[in-house]
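Written below as C-alpha coordinates is the structure these notes are about.
Since the structure is predicted, the reported quantities are computational estimates derived from the model, not experimental observations. We name chains A, B, ... by the order of the sequence lines, and we start the count at 1 in each one.
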2 protein chains.
Amino acid sequence: MEKIIIIEDDPAISDLIKLNLELAGYDCRQAYSGQEAQCILTDFSPDLVLLDISLPDMEGYELLDRFKNSEVPVIFLTARSALIDKVKGLKMGADDYIVKPFEAMELLARIEAVLRRYGRKSDRMDFGGLEIDLEERTVKRDGFIVDLTLKEYELLLLLIHNRNKALSREKILEHVWDYEYIGETRTVDIHIQKIRKKLGWEDRIKTVYKFGYRLEVLS
Amino acid sequence: MEKIIIIEDDPAISDLIKLNLELAGYDCRQAYSGQEAQCILTDFSPDLVLLDISLPDMEGYELLDRFKNSEVPVIFLTARSALIDKVKGLKMGADDYIVKPFEAMELLARIEAVLRRYGRKSDRMDFGGLEIDLEERTVKRDGFIVDLTLKEYELLLLLIHNRNKALSREKILEHVWDYEYIGETRTVDIHIQKIRKKLGWEDRIKTVYKFGYRLEVLS
DNA sequence: AAATAAAGTTTACAACTTGTTTACAACTTG
DNA sequence: CAAGTTGTAAACAAGTTGTAAACTTTATTT
(Lines give C-alpha, C1' and ligand atoms only; values in the text may rest on other atoms or scores of the structure.)
Protein backbone atom coordinates (compact mmCIF):
# COMPACT_ATOMS: atom_id res chain seq x y z
CA MET A 1 0.00 0.00 0.00
CA GLU A 2 1.61 3.21 -1.18
CA LYS A 3 1.95 6.10 1.22
CA ILE A 4 1.06 9.61 0.16
CA ILE A 5 1.45 12.85 2.06
CA ILE A 6 -1.06 15.61 1.33
CA ILE A 7 0.36 19.04 2.01
CA GLU A 8 -2.56 21.43 1.70
CA ASP A 9 -3.66 24.23 3.98
CA ASP A 10 -7.39 24.06 3.25
CA PRO A 11 -8.75 21.25 5.43
CA ALA A 12 -11.85 20.81 3.31
CA ILE A 13 -9.85 20.16 0.17
CA SER A 14 -7.32 18.09 2.04
CA ASP A 15 -10.01 15.88 3.53
CA LEU A 16 -11.71 15.47 0.20
CA ILE A 17 -8.48 14.31 -1.36
CA LYS A 18 -7.75 12.02 1.56
CA LEU A 19 -11.17 10.41 1.31
CA ASN A 20 -10.70 9.59 -2.34
CA LEU A 21 -7.16 8.35 -2.03
CA GLU A 22 -8.01 6.11 0.90
CA LEU A 23 -10.84 4.55 -0.98
CA ALA A 24 -8.43 3.88 -3.79
CA GLY A 25 -6.20 2.11 -1.33
CA TYR A 26 -3.51 4.63 -0.47
CA ASP A 27 -2.24 5.29 3.00
CA CYS A 28 -2.51 9.03 3.57
CA ARG A 29 -1.15 11.53 5.98
CA GLN A 30 -2.16 15.20 6.05
CA ALA A 31 -0.07 18.28 6.70
CA TYR A 32 -1.60 21.74 6.81
CA SER A 33 1.59 23.75 6.69
CA GLY A 34 5.17 23.42 5.58
CA GLN A 35 6.32 23.04 9.15
CA GLU A 36 3.87 20.31 9.90
CA ALA A 37 4.95 18.54 6.75
CA GLN A 38 8.54 18.49 7.97
CA CYS A 39 7.46 16.91 11.24
CA ILE A 40 5.43 14.23 9.59
CA LEU A 41 8.15 13.42 7.10
CA THR A 42 10.49 12.35 9.86
CA ASP A 43 8.57 9.20 10.58
CA PHE A 44 6.44 8.79 7.48
CA SER A 45 8.35 8.16 4.33
CA PRO A 46 5.83 8.69 1.58
CA ASP A 47 6.02 7.18 -1.86
CA LEU A 48 4.54 10.34 -3.30
CA VAL A 49 4.00 13.95 -2.26
CA LEU A 50 0.91 15.99 -3.11
CA LEU A 51 1.87 19.59 -2.55
CA ASP A 52 -0.26 22.70 -2.63
CA ILE A 53 2.03 25.23 -4.20
CA SER A 54 0.12 28.19 -2.83
CA LEU A 55 0.74 27.61 0.83
CA PRO A 56 1.17 30.77 2.86
CA ASP A 57 4.65 32.36 2.88
CA MET A 58 5.89 30.67 -0.23
CA GLU A 59 6.26 27.52 1.80
CA GLY A 60 5.17 25.45 -1.15
CA TYR A 61 8.13 26.43 -3.25
CA GLU A 62 10.53 26.02 -0.40
CA LEU A 63 9.27 22.52 0.19
CA LEU A 64 9.41 21.63 -3.47
CA ASP A 65 13.00 22.74 -3.43
CA ARG A 66 13.69 20.36 -0.63
CA PHE A 67 12.04 17.43 -2.34
CA LYS A 68 13.60 17.80 -5.72
CA ASN A 69 16.82 16.17 -4.72
CA SER A 70 15.09 13.31 -2.99
CA GLU A 71 13.83 10.14 -4.56
CA VAL A 72 10.21 10.95 -3.90
CA PRO A 73 8.00 12.08 -6.77
CA VAL A 74 5.96 15.27 -6.29
CA ILE A 75 2.67 16.27 -7.82
CA PHE A 76 1.64 19.78 -7.11
CA LEU A 77 -1.77 21.29 -6.74
CA THR A 78 -2.38 24.80 -7.93
CA ALA A 79 -5.30 27.17 -8.24
CA ARG A 80 -6.33 28.02 -11.77
CA SER A 81 -5.39 31.66 -11.37
CA ALA A 82 -1.73 30.86 -11.04
CA LEU A 83 -1.00 29.52 -14.48
CA ILE A 84 2.58 30.63 -14.38
CA ASP A 85 3.05 28.46 -11.34
CA LYS A 86 2.74 25.33 -13.42
CA VAL A 87 5.71 26.04 -15.56
CA LYS A 88 7.67 27.27 -12.62
CA GLY A 89 6.79 24.16 -10.66
CA LEU A 90 7.71 21.75 -13.35
CA LYS A 91 11.01 23.51 -13.88
CA MET A 92 11.67 23.21 -10.22
CA GLY A 93 11.33 19.49 -10.34
CA ALA A 94 7.72 18.56 -9.85
CA ASP A 95 6.73 15.42 -11.69
CA ASP A 96 3.27 16.57 -12.52
CA TYR A 97 0.76 19.22 -11.57
CA ILE A 98 -2.97 19.37 -11.35
CA VAL A 99 -5.18 22.44 -11.42
CA LYS A 100 -7.87 23.04 -8.82
CA PRO A 101 -10.71 22.34 -8.91
CA PHE A 102 -10.07 18.85 -10.18
CA GLU A 103 -11.94 15.60 -10.52
CA ALA A 104 -11.11 12.80 -8.16
CA MET A 105 -10.57 10.44 -11.07
CA GLU A 106 -8.12 12.77 -12.72
CA LEU A 107 -6.04 13.03 -9.59
CA LEU A 108 -6.02 9.27 -9.19
CA ALA A 109 -4.97 8.78 -12.80
CA ARG A 110 -2.05 11.16 -12.41
CA ILE A 111 -0.95 9.57 -9.19
CA GLU A 112 -0.96 6.14 -10.79
CA ALA A 113 0.95 7.48 -13.77
CA VAL A 114 3.64 9.09 -11.66
CA LEU A 115 4.02 6.08 -9.42
CA ARG A 116 4.33 3.84 -12.44
CA ARG A 117 6.93 6.11 -13.97
CA TYR A 118 8.88 5.83 -10.76
CA GLY A 119 8.66 2.08 -10.87
CA ARG A 120 6.26 1.52 -8.07
CA LYS A 121 7.30 -1.00 -5.52
CA SER A 122 5.03 -3.69 -6.79
CA ASP A 123 2.19 -3.96 -9.16
CA ARG A 124 1.61 -7.42 -7.84
CA MET A 125 -0.32 -8.44 -4.83
CA ASP A 126 -0.84 -11.78 -3.18
CA PHE A 127 -3.79 -13.00 -1.21
CA GLY A 128 -3.87 -16.63 -0.18
CA GLY A 129 -3.53 -18.37 -3.52
CA LEU A 130 -4.59 -15.29 -5.46
CA GLU A 131 -2.12 -13.27 -7.49
CA ILE A 132 -3.16 -9.90 -8.83
CA ASP A 133 -1.12 -7.94 -11.34
CA LEU A 134 -2.34 -4.38 -11.68
CA GLU A 135 -0.24 -3.59 -14.70
CA GLU A 136 -1.20 -6.68 -16.64
CA ARG A 137 -4.74 -6.45 -15.29
CA THR A 138 -4.72 -10.16 -14.60
CA VAL A 139 -5.80 -12.26 -11.69
CA LYS A 140 -4.37 -15.73 -11.18
CA ARG A 141 -5.68 -18.44 -8.94
CA ASP A 142 -3.22 -21.28 -8.29
CA GLY A 143 -1.25 -20.05 -11.27
CA PHE A 144 -4.16 -20.06 -13.70
CA ILE A 145 -5.69 -16.90 -15.03
CA VAL A 146 -9.20 -16.15 -13.84
CA ASP A 147 -11.18 -14.21 -16.41
CA LEU A 148 -12.80 -11.25 -14.71
CA THR A 149 -14.96 -8.75 -16.48
CA LEU A 150 -14.38 -5.03 -16.00
CA LYS A 151 -16.88 -4.58 -13.21
CA GLU A 152 -15.78 -7.74 -11.48
CA TYR A 153 -12.18 -6.62 -11.58
CA GLU A 154 -12.93 -3.15 -10.27
CA LEU A 155 -15.10 -4.56 -7.54
CA LEU A 156 -12.30 -6.90 -6.54
CA LEU A 157 -9.82 -4.04 -6.38
CA LEU A 158 -12.18 -1.96 -4.25
CA LEU A 159 -12.62 -4.85 -1.85
CA ILE A 160 -8.90 -5.45 -1.64
CA HIS A 161 -8.12 -1.80 -1.11
CA ASN A 162 -10.60 -1.75 1.73
CA ARG A 163 -9.94 -5.17 3.11
CA ASN A 164 -11.48 -5.87 6.49
CA LYS A 165 -13.64 -2.81 6.16
CA ALA A 166 -17.38 -3.12 5.81
CA LEU A 167 -18.33 -1.46 2.52
CA SER A 168 -21.90 -0.31 2.04
CA ARG A 169 -23.69 -1.02 -1.20
CA GLU A 170 -23.88 2.72 -1.81
CA LYS A 171 -20.12 3.15 -1.50
CA ILE A 172 -19.57 0.24 -3.85
CA LEU A 173 -22.03 1.64 -6.38
CA GLU A 174 -20.45 5.06 -6.21
CA HIS A 175 -16.97 3.79 -6.79
CA VAL A 176 -17.38 0.93 -9.20
CA TRP A 177 -20.42 2.20 -11.04
CA ASP A 178 -19.73 5.92 -10.76
CA TYR A 179 -23.16 7.01 -9.75
CA GLU A 180 -25.48 7.41 -6.83
CA TYR A 181 -28.19 4.96 -7.57
CA ILE A 182 -31.74 5.97 -6.85
CA GLY A 183 -33.85 3.18 -5.52
CA GLU A 184 -33.43 -0.55 -5.65
CA THR A 185 -30.86 -2.55 -7.46
CA ARG A 186 -29.34 -5.97 -6.97
CA THR A 187 -26.42 -5.29 -9.24
CA VAL A 188 -23.85 -5.17 -6.48
CA ASP A 189 -25.10 -8.41 -4.98
CA ILE A 190 -24.93 -10.24 -8.26
CA HIS A 191 -21.41 -9.09 -8.97
CA ILE A 192 -20.36 -10.09 -5.49
CA GLN A 193 -21.74 -13.56 -6.15
CA LYS A 194 -19.83 -13.74 -9.40
CA ILE A 195 -16.45 -12.93 -7.95
CA ARG A 196 -17.13 -15.12 -4.95
CA LYS A 197 -17.53 -18.03 -7.33
CA LYS A 198 -14.74 -17.22 -9.75
CA LEU A 199 -12.22 -16.70 -6.98
CA GLY A 200 -13.45 -19.37 -4.63
CA TRP A 201 -13.89 -16.65 -2.03
CA GLU A 202 -17.29 -17.76 -0.83
CA ASP A 203 -16.16 -17.51 2.77
CA ARG A 204 -13.76 -14.65 2.50
CA ILE A 205 -16.25 -12.09 1.21
CA LYS A 206 -18.60 -11.75 4.12
CA THR A 207 -22.08 -10.32 3.91
CA VAL A 208 -22.75 -7.55 6.37
CA TYR A 209 -26.46 -7.88 6.73
CA LYS A 210 -28.46 -4.79 5.84
CA PHE A 211 -25.26 -2.95 5.00
CA GLY A 212 -22.97 -4.42 2.40
CA TYR A 213 -19.91 -6.63 2.21
CA ARG A 214 -16.51 -7.06 3.75
CA LEU A 215 -13.44 -8.86 2.49
CA GLU A 216 -11.81 -10.59 5.41
CA VAL A 217 -8.11 -11.26 5.13
CA LEU A 218 -5.98 -12.31 8.03
CA SER A 219 -2.40 -11.04 7.66
CA MET B 1 -17.53 15.95 27.57
CA GLU B 2 -17.57 17.78 24.25
CA LYS B 3 -19.79 20.82 23.85
CA ILE B 4 -21.91 21.25 20.77
CA ILE B 5 -24.06 24.18 19.71
CA ILE B 6 -27.11 23.44 17.59
CA ILE B 7 -28.09 26.36 15.39
CA GLU B 8 -31.43 25.42 13.86
CA ASP B 9 -34.64 27.43 13.57
CA ASP B 10 -37.09 24.55 13.71
CA PRO B 11 -37.52 23.74 17.42
CA ALA B 12 -38.77 20.23 16.72
CA ILE B 13 -35.67 19.27 14.77
CA SER B 14 -33.42 21.07 17.19
CA ASP B 15 -34.89 19.21 20.16
CA LEU B 16 -34.61 15.90 18.41
CA ILE B 17 -30.97 16.49 17.70
CA LYS B 18 -30.35 17.64 21.25
CA LEU B 19 -31.96 14.55 22.70
CA ASN B 20 -29.81 12.25 20.63
CA LEU B 21 -26.59 14.10 21.23
CA GLU B 22 -27.15 14.19 24.97
CA LEU B 23 -27.75 10.47 25.03
CA ALA B 24 -24.48 10.04 23.20
CA GLY B 25 -22.79 12.04 25.91
CA TYR B 26 -22.47 15.54 24.47
CA ASP B 27 -23.23 18.80 26.22
CA CYS B 28 -25.62 20.77 24.01
CA ARG B 29 -26.86 24.31 23.71
CA GLN B 30 -29.55 25.43 21.26
CA ALA B 31 -29.84 28.60 19.20
CA TYR B 32 -32.84 29.32 17.00
CA SER B 33 -31.43 32.20 15.02
CA GLY B 34 -28.14 33.63 13.96
CA GLN B 35 -28.42 36.42 16.51
CA GLU B 36 -29.14 34.05 19.34
CA ALA B 37 -26.20 31.96 18.28
CA GLN B 38 -23.92 34.97 18.62
CA CYS B 39 -25.15 35.58 22.16
CA ILE B 40 -24.70 32.02 23.27
CA LEU B 41 -21.26 31.81 21.77
CA THR B 42 -19.99 34.51 24.10
CA ASP B 43 -20.13 32.28 27.13
CA PHE B 44 -20.30 28.82 25.61
CA SER B 45 -17.30 27.82 23.62
CA PRO B 46 -18.39 24.78 21.72
CA ASP B 47 -16.10 22.08 20.41
CA LEU B 48 -18.31 21.74 17.37
CA VAL B 49 -21.01 23.71 15.59
CA LEU B 50 -24.07 22.17 13.98
CA LEU B 51 -25.43 24.79 11.62
CA ASP B 52 -28.62 24.79 9.63
CA ILE B 53 -27.59 26.42 6.40
CA SER B 54 -31.13 27.42 5.45
CA LEU B 55 -31.82 29.79 8.31
CA PRO B 56 -33.93 32.81 7.37
CA ASP B 57 -32.12 35.72 5.66
CA MET B 58 -29.13 33.71 4.56
CA GLU B 59 -27.95 33.79 8.14
CA GLY B 60 -26.56 30.31 7.79
CA TYR B 61 -24.02 31.24 5.19
CA GLU B 62 -23.10 34.42 7.03
CA LEU B 63 -22.47 32.47 10.20
CA LEU B 64 -20.44 29.86 8.38
CA ASP B 65 -18.36 32.69 7.06
CA ARG B 66 -17.74 33.87 10.59
CA PHE B 67 -16.76 30.45 11.86
CA LYS B 68 -14.41 29.54 9.13
CA ASN B 69 -11.57 31.52 10.56
CA SER B 70 -12.06 30.11 14.02
CA GLU B 71 -10.73 26.86 15.33
CA VAL B 72 -14.13 25.32 15.75
CA PRO B 73 -15.23 22.69 13.28
CA VAL B 74 -18.60 23.14 11.60
CA ILE B 75 -21.01 20.57 10.26
CA PHE B 76 -23.87 21.98 8.36
CA LEU B 77 -27.35 20.71 7.99
CA THR B 78 -29.11 21.25 4.72
CA ALA B 79 -32.48 20.32 3.35
CA ARG B 80 -31.25 20.52 -0.17
CA SER B 81 -29.60 17.50 -1.58
CA ALA B 82 -28.08 19.32 -4.49
CA LEU B 83 -24.45 18.50 -4.91
CA ILE B 84 -23.65 22.11 -5.62
CA ASP B 85 -24.72 23.19 -2.16
CA LYS B 86 -22.57 20.55 -0.58
CA VAL B 87 -19.52 21.62 -2.46
CA LYS B 88 -20.31 25.25 -1.79
CA GLY B 89 -20.51 24.54 1.90
CA LEU B 90 -17.32 22.58 2.00
CA LYS B 91 -15.54 25.27 0.03
CA MET B 92 -16.77 27.86 2.48
CA GLY B 93 -15.04 26.01 5.23
CA ALA B 94 -17.52 23.56 6.62
CA ASP B 95 -15.92 20.35 7.76
CA ASP B 96 -18.83 18.19 6.79
CA TYR B 97 -22.45 18.43 5.83
CA ILE B 98 -25.47 16.29 6.36
CA VAL B 99 -28.67 16.33 4.35
CA LYS B 100 -32.05 16.41 6.07
CA PRO B 101 -33.79 14.19 6.89
CA PHE B 102 -31.01 12.19 8.48
CA GLU B 103 -30.68 9.29 10.84
CA ALA B 104 -29.50 9.93 14.37
CA MET B 105 -26.73 7.40 13.92
CA GLU B 106 -25.47 9.07 10.79
CA LEU B 107 -25.26 12.44 12.50
CA LEU B 108 -23.40 10.92 15.43
CA ALA B 109 -21.00 9.18 13.12
CA ARG B 110 -20.20 12.41 11.32
CA ILE B 111 -19.76 14.31 14.55
CA GLU B 112 -17.35 11.70 15.80
CA ALA B 113 -15.48 11.78 12.52
CA VAL B 114 -15.09 15.55 12.55
CA LEU B 115 -14.05 15.68 16.20
CA ARG B 116 -11.56 12.93 15.55
CA ARG B 117 -10.14 14.80 12.60
CA TYR B 118 -9.67 17.76 14.88
CA GLY B 119 -7.63 15.56 17.12
CA ARG B 120 -10.02 15.11 19.96
CA LYS B 121 -11.17 11.59 19.69
CA SER B 122 -9.67 8.43 18.43
CA ASP B 123 -11.16 6.40 15.70
CA ARG B 124 -10.53 3.25 17.66
CA MET B 125 -11.56 2.39 21.12
CA ASP B 126 -10.21 -0.27 23.39
CA PHE B 127 -11.97 -2.05 26.17
CA GLY B 128 -10.11 -4.96 27.71
CA GLY B 129 -9.48 -7.16 24.71
CA LEU B 130 -12.16 -5.51 22.63
CA GLU B 131 -11.26 -3.24 19.74
CA ILE B 132 -13.97 -1.14 18.17
CA ASP B 133 -13.43 0.68 14.90
CA LEU B 134 -16.21 3.13 14.23
CA GLU B 135 -15.12 3.87 10.71
CA GLU B 136 -14.82 0.26 9.62
CA ARG B 137 -17.87 -0.68 11.64
CA THR B 138 -15.99 -3.63 13.03
CA VAL B 139 -15.56 -5.07 16.48
CA LYS B 140 -12.61 -7.32 17.21
CA ARG B 141 -12.10 -9.61 20.15
CA ASP B 142 -8.53 -10.81 20.59
CA GLY B 143 -7.87 -9.70 17.03
CA PHE B 144 -10.74 -11.63 15.49
CA ILE B 145 -13.76 -9.94 14.03
CA VAL B 146 -16.94 -10.45 16.00
CA ASP B 147 -19.97 -10.33 13.75
CA LEU B 148 -22.53 -8.06 15.32
CA THR B 149 -25.91 -7.41 13.83
CA LEU B 150 -27.13 -3.86 13.39
CA LYS B 151 -29.05 -3.69 16.64
CA GLU B 152 -26.31 -5.43 18.57
CA TYR B 153 -23.76 -2.96 17.28
CA GLU B 154 -25.87 0.07 18.11
CA LEU B 155 -26.66 -1.29 21.53
CA LEU B 156 -22.97 -1.82 22.15
CA LEU B 157 -22.18 1.75 21.15
CA LEU B 158 -24.89 3.10 23.43
CA LEU B 159 -23.52 1.11 26.35
CA ILE B 160 -20.02 2.31 25.68
CA HIS B 161 -21.08 5.93 25.38
CA ASN B 162 -22.80 5.61 28.72
CA ARG B 163 -20.31 3.31 30.38
CA ASN B 164 -20.73 2.95 34.12
CA LYS B 165 -24.15 4.54 33.88
CA ALA B 166 -27.28 2.54 34.49
CA LEU B 167 -29.45 2.70 31.38
CA SER B 168 -33.16 2.03 31.69
CA ARG B 169 -34.85 -0.24 29.21
CA GLU B 170 -36.94 2.70 28.01
CA LYS B 171 -33.86 4.78 27.22
CA ILE B 172 -32.31 1.88 25.39
CA LEU B 173 -35.46 1.28 23.39
CA GLU B 174 -35.77 4.94 22.51
CA HIS B 175 -32.23 5.21 21.34
CA VAL B 176 -31.53 1.93 19.60
CA TRP B 177 -35.03 1.15 18.46
CA ASP B 178 -36.08 4.71 17.71
CA TYR B 179 -39.45 4.51 19.36
CA GLU B 180 -41.18 4.58 22.67
CA TYR B 181 -42.50 1.13 23.07
CA ILE B 182 -46.00 0.71 24.42
CA GLY B 183 -46.34 -2.15 26.83
CA GLU B 184 -44.18 -5.18 27.39
CA THR B 185 -41.24 -6.34 25.40
CA ARG B 186 -38.24 -8.50 26.12
CA THR B 187 -36.35 -7.31 23.09
CA VAL B 188 -33.78 -5.33 24.99
CA ASP B 189 -33.08 -8.22 27.35
CA ILE B 190 -32.55 -10.64 24.53
CA HIS B 191 -30.17 -8.33 22.72
CA ILE B 192 -28.24 -7.76 25.91
CA GLN B 193 -27.87 -11.52 26.27
CA LYS B 194 -26.63 -11.74 22.72
CA ILE B 195 -23.87 -9.20 23.03
CA ARG B 196 -22.93 -10.54 26.44
CA LYS B 197 -22.26 -13.86 24.77
CA LYS B 198 -20.63 -12.63 21.60
CA LEU B 199 -18.25 -10.32 23.44
CA GLY B 200 -17.66 -12.50 26.45
CA TRP B 201 -18.96 -9.65 28.56
CA GLU B 202 -21.18 -11.74 30.81
CA ASP B 203 -19.75 -10.03 33.88
CA ARG B 204 -19.13 -6.61 32.48
CA ILE B 205 -22.71 -5.86 31.50
CA LYS B 206 -24.46 -5.82 34.82
CA THR B 207 -28.17 -6.17 35.31
CA VAL B 208 -29.73 -3.38 37.33
CA TYR B 209 -32.69 -5.12 38.82
CA LYS B 210 -36.06 -3.62 37.91
CA PHE B 211 -34.38 -0.89 35.90
CA GLY B 212 -32.06 -1.87 33.09
CA TYR B 213 -28.36 -2.50 32.47
CA ARG B 214 -24.98 -0.98 33.11
CA LEU B 215 -21.66 -1.53 31.37
CA GLU B 216 -18.92 -1.53 33.98
CA VAL B 217 -15.47 -0.60 32.80
CA LEU B 218 -12.59 0.23 35.07
CA SER B 219 -10.31 2.93 33.65
C1' DA C 1 -24.77 -2.79 -41.05
C1' DA C 2 -26.40 -7.20 -39.37
C1' DA C 3 -25.36 -11.07 -36.77
C1' DT C 4 -23.25 -12.83 -32.96
C1' DA C 5 -21.20 -12.91 -28.55
C1' DA C 6 -20.23 -11.03 -24.15
C1' DA C 7 -21.22 -8.17 -20.26
C1' DG C 8 -24.27 -6.09 -17.29
C1' DT C 9 -28.88 -5.62 -15.21
C1' DT C 10 -33.37 -6.97 -13.74
C1' DT C 11 -36.64 -10.37 -12.25
C1' DA C 12 -38.47 -14.05 -9.57
C1' DC C 13 -38.26 -17.09 -6.16
C1' DA C 14 -35.62 -19.99 -2.78
C1' DA C 15 -32.85 -19.85 1.32
C1' DC C 16 -31.28 -17.56 4.99
C1' DT C 17 -30.81 -13.88 8.76
C1' DT C 18 -32.56 -10.95 11.98
C1' DG C 19 -35.50 -9.14 15.30
C1' DT C 20 -39.25 -10.24 18.04
C1' DT C 21 -42.34 -13.02 20.70
C1' DT C 22 -43.38 -16.89 23.53
C1' DA C 23 -42.72 -20.08 27.15
C1' DC C 24 -40.61 -21.61 30.93
C1' DA C 25 -36.59 -21.99 34.14
C1' DA C 26 -33.72 -19.51 37.32
C1' DC C 27 -32.99 -15.82 39.99
C1' DT C 28 -33.85 -11.52 43.13
C1' DT C 29 -36.03 -9.23 46.71
C1' DG C 30 -38.89 -8.20 50.46
C1' DC D 1 -41.38 -18.43 50.25
C1' DA D 2 -44.20 -15.78 46.95
C1' DA D 3 -44.40 -12.44 43.52
C1' DG D 4 -42.23 -10.45 40.23
C1' DT D 5 -38.07 -9.99 37.22
C1' DT D 6 -34.52 -11.70 34.29
C1' DG D 7 -32.06 -15.62 31.65
C1' DT D 8 -32.46 -18.78 27.90
C1' DA D 9 -33.98 -21.64 24.19
C1' DA D 10 -36.90 -22.20 20.59
C1' DA D 11 -40.43 -20.70 17.23
C1' DC D 12 -41.92 -17.32 14.12
C1' DA D 13 -42.67 -13.56 10.66
C1' DA D 14 -40.67 -10.02 8.04
C1' DG D 15 -37.31 -8.68 5.40
C1' DT D 16 -32.69 -9.44 3.13
C1' DT D 17 -29.57 -11.98 0.36
C1' DG D 18 -28.40 -16.01 -2.82
C1' DT D 19 -29.16 -17.82 -7.31
C1' DA D 20 -30.67 -19.02 -11.85
C1' DA D 21 -32.48 -17.42 -15.75
C1' DA D 22 -34.52 -13.95 -18.75
C1' DC D 23 -33.66 -9.73 -20.56
C1' DT D 24 -31.07 -5.46 -22.18
C1' DT D 25 -27.10 -3.20 -23.45
C1' DT D 26 -22.52 -3.03 -25.30
C1' DA D 27 -18.76 -4.91 -27.94
C1' DT D 28 -17.03 -7.89 -31.57
C1' DT D 29 -17.16 -10.24 -35.80
C1' DT D 30 -18.54 -10.95 -40.39
Without decimals, in angstroms, what is the distance between [X] [atom1] and [N] [atom2]?
X: Asp147(A); N: dG8(C); atom1: CG; atom2: P; value: 12 Å
X: Ile195(A); N: dG18(D); atom1: CD1; atom2: P; value: 12 Å
X: Leu148(A); N: dA7(C); atom1: CG; atom2: C1'; value: 13 Å
X: Asp189(B); N: dC27(C); atom1: CG; atom2: C1'; value: 14 Å
X: Gln193(B); N: dT22(C); atom1: CD; atom2: P; value: 18 Å
X: Lys151(A); N: dT26(D); atom1: NZ; atom2: P; value: 11 Å
X: Ile192(A); N: dT16(D); atom1: CD1; atom2: P; value: 18 Å
X: Trp177(A); N: dG8(C); atom1: CH2; atom2: P; value: 8 Å

Exercise for the section: Would you state whether a donor and an acceptor, one from the side chain of Tyr209(B) and one from the base of dG4(D), lie under 3.5 Å apart? Expected result: yes
Please classify the nucleic acid contact of [X] as base, sugar-phosphate, or nothing, using heavy-atom distances under 4.0 Å.
X: Lys197(A); result: sugar-phosphate
X: Leu150(A); result: sugar-phosphate
X: Tyr153(A); result: nothing

Exercise for the section: Please answer whether the main-chain N or O of Lys210(B) pairs with a side-chain N or O of Arg169(B) as donor and acceptor at a distance below 3.5 Å. Expected result: no
Handout entry: Test item: Thr185(B) side-chain N/O and Thr187(B) main-chain N/O as donor-acceptor pair under 3.5 Å
Key = yes
Identify which nucleotide among [options] has an atom closest to any side-chain atom of [X], counting heavy atoms from C-beta outward.
X: Ile190(B); options: dG18(D), dT22(C), dG19(C); result: dT22(C)
X: His191(A); options: dT18(C), dT5(D), dT9(C); result: dT9(C)
X: Arg186(A); options: dT20(C), dG8(C), dT11(C); result: dT11(C)

Handout entry: Dot-bracket encoding per residue of DNA chain C, Watson-Crick/G-U cut-off under 3.5 Å, | denoting interstrand
Key = ||||||||||||||||||||||||||||||
Problem - Between CZ on residue Arg204(B) and CZ on residue Arg163(B), distance to nearest 0.5 Å - result: 11.5 Å
